[in-house]
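When reading the values below, keep in mind they use all heavy atoms of this one structure, side chains included, and skip hydrogens, waters and symmetry mates.
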Amino acid sequence: MEKISVAVRFRPPKPSVDADADSSSFSGGGAVGNREWRIDDSGISLLHRAVPVPGTSFVFDHVFNESVTNARIYGLLVRSLIRAAVDGFNGTAFAYGQTSSGKTFTMNGSGADPGIIPLAVRDIFDTAAEAADRVFLIRVSYMEIYNEEINDLLTLGSEKLPIHESLERGVYVSGLREEIVNNAEQVLQLLELGEANRHFGETNMNVRSSRSHTIFRMVIESSAKHQTNSGDAIRVSILNLVDLAGSERIPKTGADGVRLKEGKHINKSLMILGNVINKLSENGKQRGHIPYRDSKLTRILQSALGGNAKTSIICTAAPEEIHIEETRGTLQFASRAKCVSNCAQVNEILTDAALLKRQKLEIEELRKKLQGSHSEDLEQLILKQRNDMHKSELERDRLAMELEEERRLRETLEHRLAKQKMSQNHNNTDISVEQFADSSQLDILKTPDSKRTPDGFVASRSHYLKDAEFCPIPENLGSVADEDLWMQLNKGCITDLDMLEMTSDFKCPPSPEDTTAVVPLEEPIDVRCLRLETACSSDRQQLEDSKARCTTLEKELELLKEENSSLRQELSKSKHDTDHEKEGLLKELETEKYKMEELKQDIRLFRQAFSQRQGHLTSLYTKSKAIVENCKASRVALP
């Protein structure tokens with residue numbers, strides 16, 4: 001992207017004697033008043049009594065005062081544009097400003113100070129002569145836009161020409177005459193012819209006022225001298241040099257009738273040009289429709305305004321105080337135009353040799369991208385990732401098997417530990433009578449509140465009450481059996497311990513709770529308990545070790561799962577990138593093939609047109625030669 005180059009030029013002030021009968025409108029014209037413009041190298045500001053006015057300061061690429069010549073303006077602003085046009089870039093230079101501000105003088109100049117157009121014409125041929133390795137073909141045309149109608153200035157009667165657009169030529173004027181030129185003198189003669197056919201008129205502000213916009217166009221074609229060997233392309237560039245009519249205010253120009261109609265069309269087209277510049281200077285998101293088609297001027301210059309061209313604008317201004325508002329409008333237009341960007345490219349028409357050469361290079365480049373080291377690296381990376389993923393899957397399966405085995409072992413140890421605890425509790429509580437040597441050892445273990453039935457003690461009484469109706473149990477039986485209660489129950493009898501006898505061969509029937517057989521002790525209880533506690537501690541230690549190992553294995557499994565997931569993601573991403581890159585390369589290859597077919601078709605059409613032109617030129621040459629021969633014969637026949 002390249003910004004439009006903008007410069008501002010102030011013409012010399014006009015003397016006050018220019019004021020005429022309409023002096024009320026021109027009071028102070030040319031005289032220095034309270035307001036004036038201050039000019040430096042790149043800035044302009046408005047002063048009111050030597051004090052800067054807020055909001056009236058402007059900065060441009062170049063600012064020229066009234067003493068600057070056209071040659072200096074051309075050297076600083078347009079020469080680079082001409083060199084670029086010879087190299088194949090489109091270019092446009094035009095002058096903008098109010099009427100009588102010096103636009104036509106800047107573009108056309110005078111005999112002592114040639115303008116931009118004649119200087120550009122001579123510079124083009126000089127630059128083309130310096131390029132010894134290329135052959136140039138230059139064509140020129142000259143048109144004007146008068147009252148929104150296009151007229152050919154090189155052909156009388158060629159008026160109201162239409163505008164067309166095609167893919168090959170872009171926007172062009174149909175029926176416009178193009179002259180092939182070989183030197184600058186031919187072009188200058190055609191310029192004089194066009195200026196003679198241009199519309200001029202007189203107003204209160206200018207004796208010779210331009211009443212139309214003019215566009216001088218040069219088409220520059222060039223090719224290498226050894227085109228067959230080098231396969232170079234044909235460069236085609238268009239250079240537009242535009243002299244715009246100036247904006248007018250009816251009270252100042254005093255226009256009426258035809259001049260009024262001309263002024264309306266001029267102001268309308270300049271207003272549309274300003275609208276286009278405003279739209280192009282806006283931000284891309286806020287930019288709306290650009291009204292190129294609202295005016296024939298903007299339609300023809302569409303590529304120069306935000307398109308494929310290098311553009312330079314010279315804004316001319318009047319320094320008088322009476323024209324301050326018009327000058328301010330011109331500076332605002334220039335300031336907005338400075339924000340517009342173009343995208344200039346070299347315009348080429350490829351020949352068959354150049355097309356095949358470029359396509360071959362592009363195909364080789366695409367093939368290297370597909371089969372080069374980058375693709376091999378990707379394949380090696382994919383293969384390595386696949387191997388790593390396979391190894392991680394095997395390791396995961398192995399760890400899963402070990403984890404399952406550890407879980408089974410832990411369950412077995414827990415089951416054994418539970419059985420040992422149950423066996424130990426059972427052995428501590430279920431102690432049989434046969435373990436003791438005599439009954440005295442058993443009596444030590446028994447308690448008064450034992451639930452077990454005594455094995456051999458029966459207390460007998462010599463006298464006891466046989467009357468069923470009499471019961472010694474008192475009605476109010478407390479929870480504690482004191483001595484008086486025992487006396488009442490036994491009717492005052494005291495139990496004689498000597499009367500207690502052992503009942504022989506009496507066995508208590510086994511209770512449901514004691515149905516389990518008592519295993520005789522093979523070893524002492526203390527030793528067995530110690531052994532069981534040792535085994536239980538060992539089993540607990542093994543269980544803790546198994547739990548710790550299981551936890552470690554689970555962590556390793558999680559890490560392997562994460563690594564496996566990351567490898568899968570990298571593999572998927574690599575596959576996606578590779579597929580995307582291959583698809584992009586294949587699409588580029590298809591696009592280039594399609595472009596090659598289109599270019600071949602364009603080359604065929606260009607060859608046909610060139611052959612037709614060559615035949616036409618040959619016929620013209622033959623006719624011209626015949627006319628010359630006839631003239632020579634007629635001269636010889638004269639006495």
Do I300 and Y172 touch side chain to side chain, with heavy atoms closer than 4.5 Å?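 I300 vs Y172: side chains apart.
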
How far does [atom1] of [X] sit from [atom2] of [Y], to the nearest 0.5 angstrom?
{"X": "L305", "Y": "K279", "atom1": "CG", "atom2": "NZ", "result": "15.0 Å"}
{"X": "S303", "Y": "N240", "atom1": "OG", "atom2": "CG", "result": "6.5 Å"}
{"X": "L413", "Y": "E411", "atom1": "CG", "atom2": "CD", "result": "10.5 Å"}
{"X": "D577", "Y": "K582", "atom1": "CG", "atom2": "NZ", "result": "12.0 Å"}
{"X": "L589", "Y": "M596", "atom1": "CG", "atom2": "CE", "result": "9.0 Å"}
{"X": "I277", "Y": "S335", "atom1": "CD1", "atom2": "OG", "result": "11.5 Å"}

T578 side chain vs S574 backbone, donor-acceptor pair below 3.5 Å: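 Checked: pair present.
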
Donor-acceptor contact present, side-chain K338 to main-chain S5, <3.5 Å: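 No, K338 side chain to S5 backbone: no donor-acceptor pair under 3.5 Å.
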
List the residues meeting side chain to side chain donor-acceptor pair (under 3.5 Å) with Q541, not counting sequence neighbours, and say none if there are none.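 With sequence neighbours excluded, Q541 shows a side chain to side chain donor-acceptor pair (under 3.5 Å) to D545, given in chain and number order.
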
Test of understanding: with side chain to side chain donor-acceptor pair (under 3.5 Å), list the residues that count as partners of S281, not counting sequence neighbours.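 Here no residue qualifies.
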
When you check the gap from the basic side-chain N to the acidic O, do E165 and R293 get nearer than 4.0 Å?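 Salt bridge present between E165 and R293.
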
Are the charged groups of E2 and K310 less than 4.0 angstrom apart, N to O?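 The answer is yes: the pair qualifies as a salt bridge.
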
For the student: nearest non-hydrogen atoms of [X] and [Y], plus distance:
{"X": "A304", "Y": "T92", "value": "CB-OG1, 3.1 Å"}
{"X": "S237", "Y": "N90", "value": "CA-OD1, 3.5 Å"}
{"X": "R235", "Y": "G88", "value": "CB-CA, 4.3 Å"}
{"X": "V171", "Y": "R299", "value": "CG1-O, 3.5 Å"}
{"X": "V276", "Y": "P291", "value": "CG2-O, 3.7 Å"}

Is a side-chain donor-acceptor pair under 3.5 Å present for Y594 with E598?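 Side-chain D/A pair, E598 to Y594: present.
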
R134 and S222: side-chain donor and acceptor closer than 3.5 Å?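 Looking only at side-chain atoms, S222 and R134 do form a donor-acceptor pair, the distance falling under 3.5 Å.
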
With sequence neighbours left out, write down each residue that passes salt bridge (charged side-chain N to carboxylate O under 4.0 Å, His left out) with E554, or none if nothing qualifies.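 Scan of E554 (salt bridge (charged side-chain N to carboxylate O under 4.0 Å, His left out), adjacent residues dropped) gives R407.
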
Working for side-chain contact (heavy atoms from CB on, under 4.5 Å), residues R408 and E404: CA-CA 6 Å; R408 288 198 299 268; E404 187 65 25; 3.3 Å; yes

Under the rule for side chain to side chain contact (heavy atoms under 4.5 Å, CB included), what residues qualify as partners of N342, not counting sequence neighbours?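 Counting only residues at least two positions away or on another chain, N342 forms a side chain to side chain contact (heavy atoms under 4.5 Å, CB included) with I4, T311, V340.
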
Flag if over 12 foreign heavy atoms under 6.0 Å of CZ, R549: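 Result for CZ/R549: open.
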
Just wondering, are more than 12 heavy atoms of other shown residues or ligands nearer than 6.0 Å to NE2 in H415?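 Atom NE2 in H415 is not crowded, with 12 or fewer foreign heavy atoms closer than 6.0 Å.
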
Quick one: side chains of residues 558-566, donor-acceptor pairs under 3.5 Å with protein atoms, not counting sequence neighbours, listed by atom name and distance.
| from | atom 1 | to | atom 2 | distance (Å) |
| --- | --- | --- | --- | --- |
| S566 | OG | E562 | O | 3.4 |
| S566 | OG | E563 | O | 2.7 |

Under the salt bridge (Lys or Arg N to Asp or Glu O under 4.0 Å) criterion, do R410 and E406 qualify, and how do the steps go? CA-CA 6 Å; R410 183 176 63 182; E406 290 292 335; over 6 Å; no

Report the residue from I220, V346, N308 that forms a side chain to side chain contact (heavy atoms under 4.5 Å, CB included) with F89.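 The single option meeting the side chain to side chain contact (heavy atoms under 4.5 Å, CB included) with F89 is V346.
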
Take I272 and Y292, measure what side-chain contact (heavy atoms from CB on, under 4.5 Å) needs, and give me the verdict at the end. CA-CA 8 Å; I272 295 171; Y292 288 115; over 6 Å; no

side-chain contact (heavy atoms from CB on, under 4.5 Å) between L273 and S295, intermediate numbers included: CA-CA 8 Å; L273 175 61; S295 171; over 6 Å; no

Report all side-chain donor-acceptor pairs from residues 55-62 shorter than 3.5 Å, counting only partners two or more places apart or in another chain.
| from | atom 1 | to | atom 2 | distance (Å) |
| --- | --- | --- | --- | --- |
| T56 | OG1 | V53 | O | 2.6 |
| D61 | OD2 | V6 | N | 2.9 |

Over-ring placement of R607 relative to F610, 6.0 Å and 45° cut-offs: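 No; the conditions do not both hold, so R607 does not lie above the ring face of F610.
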
With side-chain contact (heavy atoms from CB on, under 4.5 Å) as the test, would you mind laying out the steps for E592 and K595 before giving the verdict? CA-CA 5 Å; E592 294 299 331; K595 288 182 179 179; 4.2 Å; yes

